[in-house]
Participant: 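Structure below; questions to follow.
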Amino acid sequence: MNVLVILGAILFILMILIGGKKGARSFIALFLNFGVLFLTILFMTDPTVDPIILTLIASIVISCITLFYINEVNRKTITAFISTMITIVILLLFILIMTENAMIQGFGEEEAEELSIFSLYIGVDFVKIGAAVIIMSTIGAITDVAIAIASPMREILNHNPLISRKELFKFGLSIGKDILGTNTNTLFFAFFGGYLGLLIWFKDLSYPIGTIVNSKVFSAEMITIFCAGIGIALIIPITSWITAYFFVKARDNNVE
């Protein structure tokens, strides 16, 4: 039996045992999100399609699957979705400027040999493709933080119905401070885990530190990590404020 099938079966069994129905939906959501990403990549090969618009559409679909399919449609997932979309738009504008000025689009020298037999004149805007790649790399972390903040804020409101909007907002920020460090470290170590072979290759070729830092492959990944960290930092106050505003407003309307 294929190793991938065995690992997939183990993951599915564990998610069912620990998460129950929500675990099963989470497992199915993995394949749904993969399908969205695969279709997005296919459409991006069409020169007539704007990669930024396509990325926004894909981000909306992925967020809907992650938030509404797994956690169902309720007040906490709606506020998390709104917060995610606001953060994505802000981050996308920032990433577009950053990608164009840093000139990290396209392929690095280390990748040139394998691509030398192919034509690079395919009519695709690599600046927008580079920005789309960074957004796709951060969407999972952003939605994860959004729901991780909105969910406990709903619980604290249920246990303390008289809490003020300001106090609820501060509670969301305090949760976000704990999440910020762990998620940023997760992104950082995911990069070094995925690119460990490249770093060993740099060492074998006796690359100096300056060459490594200025190489397009390395700098592109580091910029992706930093942009993802910025997105995580942005989503914390945005989710806290939006969740506090809508939760308290709904509570006051119910009282009235």
Side-chain angles (χ1 to χ4, degrees), residues 11-12 15-16 18-37 39-40 55-92 135-161 163-180 182-183 186-187 228 230-255:
L11 176 62
F12 178 71
M15 293 180 76
I16 291 292
I18 297 173
K21 292 183 179 179
K22 185 172 287 188
R25 289 198 296 267
S26 299
F27 185 80
I28 296 173
L30 292 175
F31 294 93
L32 295 177
N33 287 331
F34 174 78
V36 173
L37 290 175
L39 290 175
T40 302
T55 301
L56 288 175
I57 295 173
S59 299
I60 292 173
V61 176
I62 291 172
S63 299
C64 288
I65 294 173
T66 304
L67 295 173
F68 298 136
Y69 176 70
I70 296 177
N71 298 285
E72 301 179 348
V73 179
N74 49 57
R75 195 171 292 134
K76 69 175 182 181
T77 53
I78 292 174
T79 55
F81 176 78
I82 295 172
S83 304
T84 300
M85 291 299 102
I86 293 173
T87 305
I88 288 294
V89 171
I90 296 172
L91 195 61
L92 186 56
I135 285 293
M136 290 298 180
S137 301
T138 61
I139 183 66
I142 290 174
T143 54
D144 179 57
V145 173
I147 194 65
I149 293 175
S151 183
M153 287 181 71
R154 186 193 66 173
E155 291 300 320
I156 195 66
L157 183 66
N158 291 338
H159 288 84
N160 186 8
I163 190 173
S164 66
R165 180 177 289 132
K166 184 178 179 180
E167 291 298 321
L168 188 59
F169 172 71
K170 288 182 177 180
F171 178 76
L173 287 181
S174 66
I175 298 171
K177 290 177 183 178
D178 296 331
I179 297 173
L180 180 61
T182 55
N183 275 267
T186 300
L187 294 171
I230 292 171
I232 293 172
L234 283 175
I235 193 70
I236 291 171
I238 291 174
T239 304
S240 299
W241 188 87
I242 291 177
T243 304
Y245 176 81
F246 282 105
F247 279 20
V248 173
K249 183 179 180 180
R251 180 198 64 188
D252 294 342
N253 290 337
N254 289 334
V255 171

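In this chain, residues are counted from 1 in sequence order.
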Participant: Phe12: which residues meet the side chain to side chain contact (heavy atoms under 4.5 Å, CB included) condition with it, sequence neighbours left out?
Facilitator: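 Ile16, Phe27.
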Participant: Under 3.5 Å, which donor-acceptor pairs link side chains of residues 60-68 to any protein atom two or more places apart or in another chain?
Facilitator:
from, atom 1, to, atom 2, distance (Å)
Ser63, OG, Ser59, O, 2.7
Thr66, OG1, Ile62, O, 2.8

Participant: Can you measure from CG (Asn74) to OG1 (Thr79) and round to the nearest 0.5 angstrom?
Facilitator: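 So the CG of Asn74 and the OG1 of Thr79 are separated by 8.0 Å.
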Participant: Could you tell me the separation between the CD1 atom of Ile135 and the CG atom of Leu92, rounded to the nearest 0.5 Å?
Facilitator: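 Answer rounded to 0.5 Å: 5.0 Å.
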Participant: Can you list the residues that meet the side chain to side chain contact (heavy atoms under 4.5 Å, CB included) rule with Asn71, with sequence neighbours excluded?
Facilitator: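 So Asn71 forms a side chain to side chain contact (heavy atoms under 4.5 Å, CB included) with Lys22, Thr77, Ile147.
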Participant: Go through the structure and list residues passing side chain to side chain contact (heavy atoms under 4.5 Å, CB included) with Ser164, not counting sequence neighbours.
Facilitator: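 Listed in chain order: Lys166, Glu167.
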Participant: Does the side chain of Ile78 come within less than 4.5 Å of Val73's, by heavy atoms?
Facilitator: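 Yes - at least one pair of side-chain heavy atoms lies under 4.5 Å apart.
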Participant: Looking at every non-hydrogen atom in both residues, tell me the closest pair between Ala29 and Ile70 and how far apart they are.
Facilitator: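 Distance-wise, the nearest heavy atoms are CB-CD1, 3.7 Å.
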Participant: Tell me the closest heavy-atom pair linking Ala141 and Ile232, and the distance in Å.
Facilitator: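 Between these two residues, the closest heavy atoms are CB-CD1, 4.0 Å.
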Participant: With a 4.5 Å heavy-atom cut-off, do Ile149 and Thr243 have their side chains touching?
Facilitator: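 They are not in contact (no side-chain heavy atoms under 4.5 Å apart), so the answer is no.
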Participant: Just wondering, do Met153 and Leu168 contact through their side chains at under 4.5 Å, heavy atoms?
Facilitator: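 They are in contact (side-chain heavy atoms under 4.5 Å apart), so the answer is yes.
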Participant: Tell me the closest heavy-atom pair linking Leu234 and Pro237, and the distance in Å.
Facilitator: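 Heavy atoms of Leu234 and Pro237 come nearest at O-CD, 3.2 Å.
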Participant: State the CD1-CG distance between Ile236 and Leu180, to the nearest 0.5 angstrom.
Facilitator: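 Rounded to the nearest 0.5 Å, the CD1-CG separation comes to 4.5 Å.
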Participant: At what distance, to the nearest 0.5 angstrom, does CZ of Phe171 lie from CG of Asn160?
Facilitator: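 It comes to 10.0 Å.
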Participant: So which heavy atom on Thr239 is nearest to which on Ala146, and how close?
Facilitator: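 For Thr239 and Ala146, the tightest heavy-atom pair comes out as CG2-O, 3.5 Å.
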Participant: Could you list the residues that satisfy side chain to side chain contact (heavy atoms under 4.5 Å, CB included) with Ala58, not counting sequence neighbours?
Facilitator: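 Counting only residues at least two positions away or on another chain, Ala58 forms a side chain to side chain contact (heavy atoms under 4.5 Å, CB included) with Val36, Thr40, Met136.
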Participant: To check you understand the geometry: which heavy-atom pair defines the closest contact between Ala148 and Ile175, and what is its length?
Facilitator: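 In terms of heavy atoms, the two residues are closest at O-CG2, 4.0 Å.
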Participant: Can you name the closest pair of heavy atoms from Ser240 and Gly172 and give their distance?
Facilitator: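 Ser240 and Gly172 have their closest heavy atoms at OG-C, 3.2 Å.
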Participant: Is a side-chain donor or acceptor of Thr143 paired with a backbone partner of Gly140 at a separation under 3.5 angstrom?
Facilitator: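 Indeed, once roles are kept as given, a pair shorter than 3.5 Å links the two residues.
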Participant: Measure the shortest side-chain to side-chain distance between Thr84 and Ile139 over non-hydrogen atoms and say whether it is less than 4.5 angstrom.
Facilitator: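 SC-SC contact between Thr84 and Ile139 confirmed.
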Participant: Working to the nearest 0.5 angstrom, can you tell me the gap between Ile142 CD1 and Ile238 CD1?
Facilitator: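 Result: 9.0 Å between the selected atoms.
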Participant: To the nearest 0.5 Å, how far apart are CZ in Arg25 and CG in Leu32?
Facilitator: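 Interatomic distance, Arg25 CZ to Leu32 CG, rounded to 0.5 Å: 12.5 Å.
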